[in-house]
Amino acid sequence: MKTGIVVFPGTNRERDMAIALHGVTGRKPEMLWHRDTALPDLDLIVLPGGFSYGDYLRCGAMAAHSPIMREVKAFAERGGHILGVCNGFQILTEAGLLPGALLRNGGMRFLSQDCYLRVETSETPFTRHWKKGDVFRAPLAHGDGNYACDTETLAELEGEGRVAFRYASAGGVVDASDRASNLNGSVNAIAGVISANNRICGMMPHPEDLVDPLMGGVDGKPLFDGLVEALVR
Amino acid sequence: MKVRVTVSLKEGVLDPQGKAIGHALHVLDFPEVREVRVGKVIELDLDEADAARAQERAIEMAKGLLANQVIEDFRTEIVQ
Amino acid sequence: MKVRVTVSLKEGVLDPQGKAIGHALHVLDFPEVREVRVGKVIELDLDEADAARAQERAIEMAKGLLANQVIEDFRTEIVQ
Amino acid sequence: MTAAQKTVDAALAREFGLSDEEYGRVLTIMGRTPSLTELGVFSVMWSEHCSYKSSRKWLRTLPTTAPWVIHGPGENAGVVDIGEGLAAIFKMESHNHPSFIEPYQGAATGVGGILRDVFTMGARPVANLNALRFGSPENPRTRQIVDGVVRGIGGYGNCVGVPTVGGEVNFHPAYDGNPLVNAMTVGVARQDRIFLSAAAGVGNPVVYVGSKTGRDGIHGATMSSAEFDENALAKRPTVQVGDPFVEKLLIEACLELMATDAIVAIQDMGAAGLTSSSVEMAGKGGVGIDLDLDAVPQREPGMTAYEMMLSESQERMLMVLKPERTELARAVFEKWELDFAIVGHLTDTGRIVVRHRGAVEADIPLDPLADQAPIYDRPVAPLAAPEELGPIHDPIGLEQSLLRLIGCPDLSSRAWIWNQYDSAVGGQTVRRPGGADAAVIKIEDSEIGLALTTDCTPRYCRANPRSGGAQAVAEAWRNITATGAKPLAVTDNLNFGNPEKPEIMAQFVAAIEGMGEACRVLDFPVVSGNVSLYNETRNPDGSTQAILPTPAIGALGVLSDVRKTVGLALPKSGVLVLVGETGGHLGQSLWLREVLGRETGDAPVVDLEREKRNGDFVRERIAAGEVTACHDLSDGGLLVAVAEMVMAGGVGCVLQSAESGIRPEAFWFGEDQARYLVAIEGDADALIAQAKAQSVSARVIATIGGDGLTLPNGATISIARLRSANEAFFPGLMEA
Ligand SMILES: Nc1ncnc2c1ncn2[C@@H]1O[C@H](COP(=O)(O)OP(=O)(O)O)[C@@H](O)[C@H]1O
Ligand SMILES: [Mg+2]
């Protein structure tokens, strides 16, 4: 599987992502520069976490206008697979590749702690190594992860099974009004969504930071294992 | 020409920052506060002498970058 | 009564946001942008019928919480 | 009247913080009345901050060498060998005063500044820590300061993508008007790619990179009170605003350029910005430097030479490049969208010459500026004896004492703080905050681990500065040892009151003596550090309140195989062994303060030979794989340490009754040093025998298992109850 990681000015989780992808694919991902205007041959593009453009104005807003995003959109139109994590998710929504927006966390503070995610569908290349209802742990680290969208979009996402992950308690209970599990206050406790064609996934928590027992566990690894299985040509 | 672009959350979009400030103001003994909404003001100093043209360009900037129209409204005004 | 509090950085204080936005606007083909400064607007809906009193209270709120007077200036205006 | 129009005389020099004697020296060096800009240069270079004039004499007594030390004090940060051709580069620095004025920006720019000290030497920053002291939780201002400082540290560190992995927090009324914000950064570089600041090569270009220069912080460098005309002051606050986004770009751009051979010398612009960086680079290299201020990237129109030379605008660096590599360097910085300007060149004059708008604004000989900098041997008063301990009685019993202690401001869970710091970015954090006595990170693409901690117990330092200084070093050494790492070296941040007072100097001198002795015995040299003096506030009645003497120690240790590290979470079964001697020392203990409401008695004795013996024993047992979890004993003593291991692991234990011949509260809450708890799943008898053979005392203290902490009297405190007692303080203070 050939992977590429987009680096914007201010991106800071590209190395974490590269380690995770290298681990499962056995090959180093290509680092793509925000000013690049052509893409190499790739099976998966990842928009990693960080503070592109300092998260100034709105998280992801300025990165969404980078030259490379034209190529990423064309890649998406060709049916390419894209994963956006944290700031990458914010960029995908700002670029219009995924619906909704990420607002300031409900508690108005940056949050950096482990959360639990319930897998809402196993019918995607990103979640196929889990069963629907599985719960896994993932670190999160963001100030603006409070997922919001209008009511029609929400109905559409829910109706089409396009919510990939929800924040849950360790026991798997989802309660959007519970600040202890739905840490940032996201609508319907949504932590990750999928595009209509099932090929673009955005999520706030960081599965790439939990792929090695030494770093505290391998809860995030199924996502990458699933992608390898789905995308290896 | 200076143009001010004011960006605010659309009505109906929950404003976590406004809510937090409202709460803090209550704690600080301002019980009269009913609602708080927080927005951004972006003051643009443009190398453009024509007011109409400046405003037009500011609107383009707002649509293109300054406001996220999924959640935000904006308005522009010439300041000087 | 609705009062609008506009908070902006004092002159001379570095505005990292404004700088980054200005840069992005250039890249997006708005070369006429000379300078960008970013501030906040806080719209307060107050349970207070008297305009003068509402404004007075808004000033107290700005001093106490809304503006950081070490680096920020503010102004208040009655909106309605 | 603006600064440019002021006449330079002894009165102005005094405003700039120079004594009459110092100003006289300036006149002698210059042979004429200096210009305003020249006076500014002298005043910042001879300020306490840049010249260490009150502390230098004593700092020289600290041990700074060891076979693994590559660069000790004198460079931007200390450098130690960690194996495989790699070096760890680290330093700690204070941003106390700015954090009181504007907590968010003060703390944020503190983090930014210490990061630059480390990456300027060629290291990629891999971890941040922060040692914080706040005023009384009851003081309403404390809450605002905690809020701003924590947001500022997070706001900066999270954005630059360096994990914040540890630190410490204390509350005490002595910090009401002087909170302490000490930030530490650790970076990693290849030993053959370390960059120094000594300029070389007459004619070589001097290059400015990073952000533009504004009027930030000009007053901050030279003086503490308002001098310039009032309007200007109101419009131009001295607070510097940080831009972590630019810092992140600066890190990447510098590291990219450092992979080439373009750089001759490099130095960040810290306090006193362009002045100190250019003077120090040229001075260390024994060359002269010509600066052309017209070329300096400027944020505001109409800046004067004085303002540019003294500006403390953030995120700027100064480099000397090989001339033939200038364009390559320019391309790198332009790629990262940073300012790049050739602002001068090196000369053979031995002088710094500053030109602006066609005029020479400063022309100063560098050698006398450095050599004749004042250095003071300030009077030292005899140390006051610690207050009598007084009578001891236990009014509430073990259970209530424990719950009170683990809920008190100094021992409560810090999760509210570290949950605002990204501790995982980089993907190399093996032990996040709360996971072990020291944070542990892995070096990418290697098996090496680094263990990192900051420590100081200011109440000990007040009672007995000498023991307190030694204790801070010993606790840092112990915290590193408890992860299994070998302690290598320390950085320090010496925070004290006004050195012109003999009783403050007494604290300072004794604390350094204690530190130095501990560093020598533990083979734990000081490789970098920072001094922050004048941490005093004037009370309304004219008296002053000094902070508690706070010699904060930041320390680093290495694990050649990071997989062997242990944390403090209890395993599911086994026994808990107490290593080290318990004498029941209650003087200055938290139990005494929280239960009897007194801060009396002497600090605990620090027996360094014993520290070394016990610590070496524990480290060997961890390396041998015999230990599953380890925790050192410090604030709150034995029972608090047990409770912390229980909470961390979510596993209970049953304590054995203490046959010790000491009062129970002294046994369980005494703060004797040189002690550890180790969890053993295998053969504890063998371990105890081994300890005996090495003259280390060790005894089984508890059986691990269950879901509560069972006290010797049979009462069980559930883990949930422990946690709720431990976790309430910060949310209660900050979120109410
Ligand atoms: N300001 C802080 N930032 C990040 N972590 C912190 C901070 N203060 C304390 N911690 C973490 O909380 C834990 C407990 O701190 P402390 O009680 O000082 O430990 P110890 O007594 O072992 O030195 C440690 O993991 C420490 O790194
Ligand atoms: Mg401690």
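Order of the sequence lines sets the chain letters (A, B, ...), proteins ahead of strands, with each chain counted from 1.
- Atom CZ of C/R53 has more than 12 neighbouring heavy atoms from other residues, nucleotides or ligands inside a 6.0 Å radius.
- Between the side chain of C/Q17 and the main chain of A/L57, a donor-acceptor pair closer than 3.5 Å is present.
- Looking at C/L28, the atoms closer than 4.5 Å to chain A (heavy atoms on both sides) all sit in the side chain, from C-beta outward.
- Considering only heavy atoms from C-beta on, C/V27 stays 4.5 Å or farther from A/M62 through its side chain.
- Summarising the geometry, atom CZ belonging to A/R58 is positioned 9.0 Å from atom CD1 belonging to C/I21; distances are rounded to the nearest 0.5 Å.
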